[in-house]
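Worksheet: the structure to be examined is printed underneath.
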There are 2 protein chains.
Amino acid sequence: MRIQDVAQAAGVSVATVSRALNEPGKVAAETRTRVEQAASRLGYTPNASARTLRTQRSKVIGVVLPTLLNPVFAECFEGIASTAAAAGYAVQPFTTEYQIGRESRAVNSLLAGNADGVILVVSNPARSSALQRLVEARLPYVLAYNRHAKHPCVSVHNEAAVAELIAHLGTLGHQRIAMVSGQLQASDRARQRHRGYRQGMQRAGLQEMPLIEVPFVETAVQELASLLRRQSAAERPTALVSSNDLLAIRCIRAAHLAGLRVPQELSVTGFDGIALGEDLTPMLSTIVQPNAEIGQRSVELLVRSMAADAPLSAASSITLAHRFRAGESCAAARRTPSV
Amino acid sequence: MRIQDVAQAAGVSVATVSRALNEPGKVAAETRTRVEQAASRLGYTPNASARTLRTQRSKVIGVVLPTLLNPVFAECFEGIASTAAAAGYAVQPFTTEYQIGRESRAVNSLLAGNADGVILVVSNPARSSALQRLVEARLPYVLAYNRHAKHPCVSVHNEAAVAELIAHLGTLGHQRIAMVSGQLQASDRARQRHRGYRQGMQRAGLQEMPLIEVPFVETAVQELASLLRRQSAAERPTALVSSNDLLAIRCIRAAHLAGLRVPQELSVTGFDGIALGEDLTPMLSTIVQPNAEIGQRSVELLVRSMAADAPLSAASSITLAHRFRAGESCAAARRTPSV
DNA sequence: CTGTTAGCGCATTCAG
DNA sequence: CTGAATGCGCTAACAG
């Protein structure tokens, strides 16, 4: 089913069909109707590749993100996909599983002319060679969740968010507050959030505790549980500040396995605000980021830049508001431990 | 960066470049090296649209599914994406949010020549007009999770799984077992699982309880909680069999809000086996389906059929094994209630 | 307002 | 083993 068939059926030229379908205003009403009817009767759908080849615009936005198994990114992706669809763009996702090599491969595919623009979540904007290639190719892009002075980013203020959270925990009487995180190396968010922890602890006049870095999610629960079991009540943290919600959920499980009640004996907080957290018992106490909106705003930025044919600069970066959801996994410290 | 530039740089014709890159065996070793070096030096990536237009194969697999916010589908999608990538295919997802209209729109986009094949999860295979159009267009496809005698499907045996579960609950002493489900109309899985419930209850000689149909996930928790609160201990179910894991999690929350302990006072089971369920407290008791494998097998089927250029029939359908994960949200009934 | 035509970048005959 | 030439389906000049 080609444009030619429609032209023949409607008794016009291919150019007229193309115009009738793409710029209806430029065609006589009667002709247009004839074309439209012929097209719909034949079930004609314009060939995307031919159109892309001709116009040099694919109407596709590439998306590079760590994984869709983490609801944070799934939520963001839905925001991207629906906003993109509304603007007439399809979306093509690539997951990196936090591996640098896969970032590059994804960008390669996207550079094959498949995408008009790219939204990406990378491990380290400062060092991503994939990002570098994107810049060199002058393909419009926006970073989501990442935060970097030289790139257009849509994110929240991670440091501030965690620092505020620490202050809040302080007012709840917590003094032994430990941070739990995935590999710092794999994520600039994790590093920023950890900086927020240090900052918050310092400001609250509390002594920093060693970072609990959990390398693999698969073994996280066991590791955390045995750590909690090993520690005496006096040395154990009274609050665990987790770098993300999925990890916070595992902290809660670990506490349970170690015989600690949450939040009575151990407070646990998350970061991300995944929807599921609200349906858990205890409801997750967490810093909520507007995940769908991060996706939406990224697309808006990208679409605007593609329309204006002007590259985005770091000046376009957007910092969205975060908020703390009290939840139920976090409570006042039971007694003031000696320092 | 076109093939022409590479040809010039390597001092050969475009045809030779094309061959050197796509059919290395058909080119002299020395020539090939020269081409490869020129290509990599210039950072050449073949234009996907041009190639697609020429070969009539996009190397893209379309994926139509309800939502990526439900980890079931996210897990399946990851299975699809990684298997597809290994076979040299990219993947293009469309979410329908369980709306028929969006199924059609997705298929339309895919029919625009963008996809060599499609994997889809539809509401109702028997009535999906989108599916119908796919068949008419002779575009290879596989249904995932759906189950229908006339289409190639990759799924588990939903009826049997729930029936077995009911039998198990029976041996645990449960008699008042109710099923909780999303809208039956929106999903054939839900209907099949409900049939399994009826079958299981009948076989166990238990009296069926009215289906608790929860139309909107947003209000599910409140609805379920008030239902549980309204019922006396004698009329309340002792076990809630949920049609999917996300709903089971909400049932647990609702029980908590209604002051019922899970599993002591109310057993709750799910269906899907999302990874997260294992990290919850109580760990979700659920029927595990191999979500990633459902995706993987769907791709394998599709790829094989595309290679053979032979359409898939219902005879290719695959039923994968499910299993029950005991978890912690399900326990023996406390006392035998009078019937 | 409509038709003719060129060419987007590539893979693939067909010659040599 | 390599090169020249064709056309995939479409849109955008340009002409009428």
Side-chain angles (χ1 to χ4, degrees), chain A residues 1-36 38-39 42-60 88 90 108-116 137 139 309, chain B residues 1-36 38-39 42-60 88 108-116 137 139:
Chain A
M1 186 46 45
R2 303 158 309 152
I3 196 171
Q4 192 127 282
D5 303 323
V6 179
Q8 200 158 8
V12 297
S13 74
V14 293
T16 300
V17 175
S18 176
R19 276 189 293 254
L21 266 27
N22 297 317
E23 311 167 283
K26 292 193 170 178
V27 164
E30 194 225 347
T31 316
R32 192 194 333 147
T33 330
R34 238 184 23 253
V35 171
E36 282 166 354
L42 298 178
Y44 169 70
T45 330
N47 181 296
S49 302
R51 174 179 283 174
T52 298
L53 187 58
R54 175 64 233 235
T55 61
Q56 304 288 24
R57 296 181 309 122
S58 64
K59 291 299 222 170
V60 167
N108 273 359
S109 303
L110 263 7
L111 247 24
N114 252 336
D116 290 345
L139 191 60
D309 212 2
Chain B
M1 185 46 46
R2 302 159 310 151
I3 196 172
Q4 192 126 286
D5 302 323
V6 180
Q8 201 158 9
V12 297
S13 73
V14 293
T16 300
V17 175
S18 176
R19 277 190 291 254
L21 266 27
N22 297 318
E23 311 166 283
K26 293 193 171 181
V27 163
E30 193 225 348
T31 316
R32 189 192 338 145
T33 331
R34 241 188 18 256
V35 171
E36 281 165 355
L42 298 178
Y44 169 71
T45 329
N47 181 296
S49 301
R51 172 178 284 176
T52 298
L53 187 58
R54 176 63 234 240
T55 61
Q56 304 288 31
R57 296 182 309 122
S58 64
K59 292 300 225 170
V60 168
N108 274 358
S109 302
L110 262 9
L111 248 22
N114 253 334
D116 290 344
L139 192 60

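Residue numbers start from 1 in every chain, and the chains themselves are labelled A, B, ... in the order their sequence lines are given, proteins ahead of strands. This is a predicted model, so every value here is computed, not measured.
- Distance, A:K26 NZ to C:dT2 C1': 13 Å, rounded to whole Å.
- Heavy-atom contacts from other residues, nucleotides or ligands closer than 6.0 Å to CD of A:Q8 number 12 or fewer.
- What you find for A:T52 and B:S49 is that their closest heavy atoms are CG2-OG, 3.1 Å.
- Taking the side chain as every heavy atom from C-beta outward, B:V12 and B:R34 approach each other to under 4.5 Å.
- Following rounding to the nearest Å, B:R34 (CZ) and D:dG3 (C1') show an atom-to-atom distance of 14 Å.
- End-to-end axis angle for the helix from C:dC1-D:dG16 to C:dG16-D:dC1, using five pairs per end and rounding to 10°, comes out at 40°.
- Closest non-hydrogen pair, A:I3 versus A:V17, comes out as CG1-CG1, 3.6 Å.
- Within the 4.5 Å cutoff, side-chain heavy atoms of A:R19 are placed close to those of A:T16.
- Annotation for A:Q4: atom CD does not count as buried by contact number, only 12 or fewer foreign heavy atoms lying within 6.0 Å.
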(message) For a quick check, with a 4.0 angstrom heavy-atom cut-off, what is the B/S/- contact string for nucleotides 4-13 of chain C, read 5' to 3'?
(response) B-BBBBBBBB
(message) Test side chain to side chain contact (heavy atoms under 4.5 Å, CB included) on A:M1 and A:T45; report intermediate values, then the result.
(response) CA-CA 8 Å; A:M1 186 46 45; A:T45 330; over 6 Å; no
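- Residues A:R51 and A:N22 have side chains that bring a donor and an acceptor to within less than 3.5 angstrom of each other.
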